[in-house]
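Structure record follows, encoded as structure tokens.
Indexing begins at 1, ligand by ligand and atom by atom, following the structure's order. Here, residue 1 is the first one in the sequence, and each next residue gets the next number.
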Amino acid sequence: MHRGARADNNFESMRARLVDSLRRRIGIEHISEQVLQAMMMVPRHLFVRESDMAYAYDDYPLSIGYGQTISAPHMVAIMCTLLDVSKGMNVLEIGAGSGYHSAVLAELVGLEGTVYSIERIPELIEFARCNLSDAGYQNVVVTTGDGTLGLPEYAPYDRITVACAAPAIPPPLVEQLKRGGKMVIPIGEFMQELYLVHKNDVVSKERSGGVVFVPLIGEYGF
Ligand code: SAH
């Protein structure tokens with residue numbers, strides 16, 4: 001076995017331990033088995049800075065530079081479970097960051113679905129694109145722009161996930177969500193709460209617990 005293969009095996013067993021600990025600590029009422037299986041497929045060590053690779057399978061956020069972080073694995077898992085993603089869906093993410101959350105979504109939508117992710121920091125767009133390509137994902141499109149305006153070109157979306165905290169739900173995101181669609185979004189400045197938004201005849205939202213995210217910056221952001 002060459003050294004690279006041994007390192008990969010090592011990461012795989014660290015990943016299995018992380019997934020197992022999420023299953024035991026947080027439970028299947030908050031993290032679905034389908035999401036845990038998707039996380040088992042994504043090499044998170046390819047989405048962190050090289051100096052942080054040894055910590056890639058610990059359950060906390062890590063800096064990715066530019067004042068931004070890759071979210072903790074449990075947070076990605078909880079958000080993906082709330083979002084209730086299935087194969088073939090068209091999903092929009094605001095805040096690509098490292099590209100890790102997009103990769104988990106890409107596993108959930110499968111090759112018959114697409115994940116669109118918007119990022120405002122040029123260096124992170126490059127970081128996310130490289131990480132996703134190194135990990136072999138072809139069904140994720142990372143674009144530049146102000147995510148508070150959504151991405152009208154590919155709308156409507158079955159699901160929208162926002163990876164930064166907003167002052168309120170940006171109206172363009174509600175417009176670009178399909179009828180029957182769902183969105184998860186953290187709202188608040190100092191005290192933030194995660195919301196699950198449903199769009200039917202009316203738009204309703206339910207609280208899903210306190211969270212800590214970097215701010216959403218933009219026209220409908222801070
Ligand atoms: N999902 C990411 C975590 C990203 S942190 C991951 O898995 O790594 C939130 C990201 O949102 C940051 O990269 C930040 O630059 C970005 N962001 C903040 N406001 C934004 C906006 N209006 N449009 C697009 N990206 C935004």
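The closest side-chain donor-acceptor pair between R120 and T144, if any, does not fall under 3.5 angstrom. Side-chain contact of E93 with T161: a donor-acceptor pair under 3.5 Å is absent, judged by distance alone.
Remark: ligand 1 atoms within the under-4.0 Å shell around heavy atoms of I118 are 24 (C), 25 (N). Below 4.0 Å from some heavy atom of A163 lie the following atoms of ligand 1, by number and element: 1 (N), 5 (S), 9 (C). Below 4.0 Å from some heavy atom of G147 lie the following atoms of ligand 1, by number and element: 21 (C), 22 (N), 23 (N), 24 (C). Listed by atom number, the atoms of ligand 1 under 4.0 Å from H101 heavy atoms are 1 (N), 7 (O). Under a 4.0 Å criterion applied to the non-hydrogen atoms of I70, ligand 1 contributes the atoms 8 (O). Each of the following atoms of ligand 1 lies closer than 4.0 Å to a heavy atom of Y100: 7 (O). Ligand 1 places these atoms under 4.0 Å from at least one heavy atom of T148: 22 (N). For ligand 1 and A96, the ligand atoms under 4.0 Å from any heavy atom of the residue are 1 (N), 2 (C), 6 (C), 8 (O).
The shortest side-chain heavy-atom distance between M79 and L83 does not fall under the 4.5 Å cut-off. Between I28 and E33, the closest side-chain pair of non-hydrogen atoms falls below 4.5 Å. Within the 4.5 Å cutoff, no side-chain heavy atoms of R207 are placed close to those of L194.
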Test salt bridge (Lys or Arg N to Asp or Glu O under 4.0 Å) on D158 and K182 and set out the steps. CA-CA 7 Å; D158 298 291; K182 297 180 190 181; over 6 Å; no
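Aromatic ring orientation, Y100 versus F47: perpendicular (interplanar angle above 60°, classes split at 30° and 60°). A tilted orientation is assigned to the rings of F11 and Y57, their planes being inclined by 30° to 60°.
At a heavy-atom distance under 4.0 Å, only side-chain atoms of Q68, from C-beta outward, approach ligand 1. At a heavy-atom distance under 4.0 Å, atoms from both the backbone and the side chain of L216 approach ligand 1. Under 4.0 Å from ligand 1, the heavy atoms of V214 that appear belong solely to its side chain. Contact annotation: for S98 versus ligand 1, heavy atoms closer than 4.0 Å belong to both the backbone and the side chain. If you look at P215 next to ligand 1, the close heavy atoms, those under 4.0 Å, all belong to the backbone.
For the atom pair M39 CE and E107 CD, the distance stands at 11.5 Å (nearest 0.5 Å).
Note on ligand 1: G221 sits outside its first shell, no heavy atom being nearer than 4.0 Å. In this structure, E219 does not count as a contact residue of ligand 1, since none of its heavy atoms falls inside 4.0 Å of the ligand. Residue G145 places a heavy atom less than 4.0 Å from ligand 1.
More than 12 heavy-atom neighbours from other residues, nucleotides or ligands sit within 6.0 angstrom of CE on M40. E29 CD: more than 12 foreign heavy atoms inside a 6.0 Å radius.
Closest protein heavy atom to atom 19 (N) of ligand 1: I217 N, 3.0 Å. The nearest heavy-atom contact from the protein to atom 3 (C) of ligand 1 is T69 O, 3.4 Å. Summary of contacts: the protein heavy atom closest to atom 13 (O) of ligand 1 is E119 OE1, 2.7 Å. For atom 25 (N) of ligand 1, the closest non-hydrogen atom of the protein is R120 N, 3.4 Å.
Below 3.5 Å of separation, one finds an N or O of G95 facing an N or O of ligand 1. Remark: ligand 1 and S71 share no N or O pair separated by less than 3.5 Å (distance only, no angle test).
In the hydrophobic cluster analysis, where Ile, Leu, Val, Met, Phe, Trp and Tyr join through side-chain heavy atoms closer than 4.5 angstrom, L82 is grouped apart from V212. Clustering ILVMFWY residues whenever any of their side-chain heavy atoms sit less than 4.5 angstrom apart, transitively, puts L92 in a cluster other than the one holding M89.
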